[in-house]
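Notes follow once the structure below has been shown.
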Amino acid sequence: MFKYEIESKSLTPKDVFECGQCFRWDENDDGSYTGVFKDCVLTVKKHGDKITFCGINKEKDFEKFKNDIIDYFDLNRDYETIKNKLSKIDDNLKKSVEYGSGIRILNQELFETIISFIISANNNIPRIKGIIKRISENYGEQIEFNGNIFYTFPTVEELSKASVEDLRKLGLGFRDKRVYDTCQMIKNKEIDLENLSKLDTKDLRIVMMKFPGVGPKVCDCILLFSTLKRFDVFPIDVWVRRVMNELYIHNPDENKVSKIQIQKLADEKYGDLQGLAQQYLFYWERSLNK
DNA sequence: GTCCAGGGAATCA
DNA sequence: TGATTCCATGGA
C-alpha cells in the first residue's frame, strides 16, 4: 500500500466527492472517502490541513500513483486565488464559495465522464452511482485493496462488448441504447477522443453533442468535470435553474425561467470562471434543500 | 398512487 | 425555432 501526504487548505474530501461531479466515491465511518480512478484505489482522509492519500495502483508503481493523484485532484492549481476572485463577484457567490470551500474540480477520465453523464440524464445521484458501480463490476478489471475487491471503470474496448440488453439488465433504463451507440462511435473512432483537447470550447461542444445522449447540459458537465477541464461552461440542471432564479431572476414559477436567460446571466457575472461558479452554487443549493 | 431525479430526442405547432 | 411528450427506474 502507498501513502502520500500533502498540506492543503483548499481540499476537503466531503466537498470534493459530494459536490456532484463524480459518482465513484463513498464515505467511510471515519469521514474519509474511498474510491477508484484510472487504475488506482484510494482512501482520502483529512486531518487539519493535512490530506493523506492511501491506496494502490495496478502496476504497484509509487511515482505513477503520486503523479496520478496530483493530476486527478488538480493539485497544481491555486484554488485560493480562484475563490478570492469569485467571492468578489457578489455576496451570493461569496456565501456559496464559503460553503464549498474544499471543492476541487477533478480531472476525470474522458470516456468514464462521457458515459457517467449520459447515465445522469433524468436520474438521481444515488441511482447513477449504483449503475456505474454495476457497470464497473461487470466490465472493469479487479484491483485488490485492504482485502477488498474494487473494479476499474471499463475501457471503451471492454464496455463496447455489452449489448443494449446487457446494459438494460444493469438498470440503465432508456439510456441503454445511448450508452451503447456512444461506445460504438468511440470504438470505431467516428469521433477520436484523443483529438478533442486542442479544440476551443465552442467547437468542442459541437463535436461532443454528436454523441447520442449528450445534449447541452450533459455536454457542459463532461467539458467541466473531465480532463478537458473547461471552466467557460455553465451546466444548467433543475438545481442550478432554481438557485439562479432565487438569487437573481425571482420568477414565481421557476419552470418558466429559460436556459438562455440563465446562460446570459452566467456569462455577464461569472465570465471565464462560470463553470466553477456553477459548481459552488449547485453544491450550496442542494445543501439548503436537504 | 404520485412525484421527482445533474435531460435528450422525437414530435408537433 | 419553440414548446410538449415520452422515455425506465427506484426512492420519497
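The analysis underlying the following values was restricted to heavy atoms, covering all of them including side chains, and did not include hydrogens, waters or symmetry mates.
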Provide the distance between the two P atoms, one in B/dA9 and one in C/dG10, to the nearest whole Å.
23 Å

Would you call A/Asp68-A/Lys64 a salt bridge at under 4.0 Å N-O?
yes

How would you label the contact of A/Gly213 with the nucleic acid (heavy atoms, under 4.0 Å): base, sugar-phosphate, or nothing?
sugar-phosphate

Parallel, tilted or perpendicular: which one describes the rings of A/Phe17 and A/Trp25, with boundaries at 30° and 60°?
parallel

Run the side-chain donor-acceptor check on residues 86-94 of chain A: report pairs under 3.5 Å with partners two or more places apart or on a different chain.
unit_1	atom_1	unit_2	atom_2	d
A/Ser87	OG	A/Lys83	O	2.8
A/Asp90	OD1	A/Asn92	N	3.1
A/Asp90	OD1	A/Leu93	N	2.8
A/Asp90	OD2	A/Tyr248	OH	2.7

Members of residues 106-139 of chain A that approach DNA chain C, where some heavy atom sits under 4.0 Å away:
A/Asn122, A/Asn124, A/Arg127

Contacted region of DNA chain B by chain A, from 5' end to 3' end of the hits, cut-off under 4.0 Å to heavy atoms, spans B/dA5 to B/dA9

Between C/dG2 and B/dG6 - P atom distance, rounded Å
27 Å

Determine the contact category for A/Cys19: base if any of its heavy atoms lies under 4.0 Å from a base atom, sugar-phosphate if only primed atoms, P, OP1 or OP2 are that close, otherwise nothing.
base

Pair listing, ring pair (Phe, Tyr, Trp, His ring centres under 6.0 Å) test, anchored in residues 190-209 of chain A, at least two apart:
none

Nucleic acid contacts - residues 163-182 of chain A versus DNA chain C, non-hydrogen atoms under 4.0 Å:
A/Arg168, A/Gly173, A/Phe174, A/Arg175

Ionic contact status for A/Lys133 with A/Glu137, cut-off 4.0 Å:
yes

What contact category does A/Arg242 fall into here, base, sugar-phosphate, or nothing, at under 4.0 angstrom with non-hydrogen atoms?
sugar-phosphate

Shared-cluster residues of A/Ile149, by chain and number - hydrophobic side chains joined below 4.5 Å:
A/Tyr151

Per-residue pairing states of DNA chain C in dot-bracket (Watson-Crick or G-U under 3.5 Å; . unpaired, | other strand) read |||||||.||||

Within the 4.0 Å heavy-atom criterion, would you say A/Phe225 contacts the bases, only the backbone, or no part of the nucleic acid?
base

Test ring-ring contact (aromatic ring centres under 6.0 Å, His included) applied to A/Tyr139 - qualifying residues, sequence neighbours left out:
none

Are any of the side-chain nitrogens in A/Lys58 or A/Glu141 under 4.0 Å away from the carboxylate oxygens of its partner?
yes

Contact interval (first through last nucleotide) of DNA chain C with protein chain A, 4.0 Å heavy-atom:
C/dC7 to C/dG10

Quick one, which residues of residues 250-286 of chain A touch DNA chain C with a heavy atom under 4.0 Å?
none

May I ask you to decide whether A/Asp15 forms a salt bridge with A/Arg104, counting only side-chain N to carboxylate O separations under 4.0 Å?
no

Sidechain N-carboxylate O distance under 4.0 Å for A/Asp176, A/Arg168
yes

By the salt bridge (Lys or Arg N to Asp or Glu O under 4.0 Å) test, which pairs, at least two apart or in different chains, include something from residues 247-271 of chain A?
A/Arg242-A/Glu254, A/Asp253-A/Lys256, A/Lys264-A/Glu268

Show which side-chain atoms of residues 221-233 of chain A pair as donor or acceptor with protein atoms under 3.5 Å away, not counting sequence neighbours.
unit_1	atom_1	unit_2	atom_2	d
A/Ser226	OG	A/Ile222	O	2.7
A/Ser226	OG	A/Leu228	N	3.0
A/Lys229	NZ	A/Ile105	O	2.9
A/Lys229	NZ	A/Leu106	O	3.1
A/Lys229	NZ	A/Asn107	OD1	3.0
A/Arg230	NE	A/Leu228	O	3.0
A/Arg230	NH1	A/Leu199	O	2.9
A/Arg230	NH1	A/Thr201	OG1	3.3
A/Arg230	NH2	A/Ser197	O	2.9
A/Arg230	NH2	A/Leu199	O	3.0
A/Asp232	OD1	A/Thr201	OG1	3.1
A/Asp232	OD2	A/Thr201	OG1	3.1

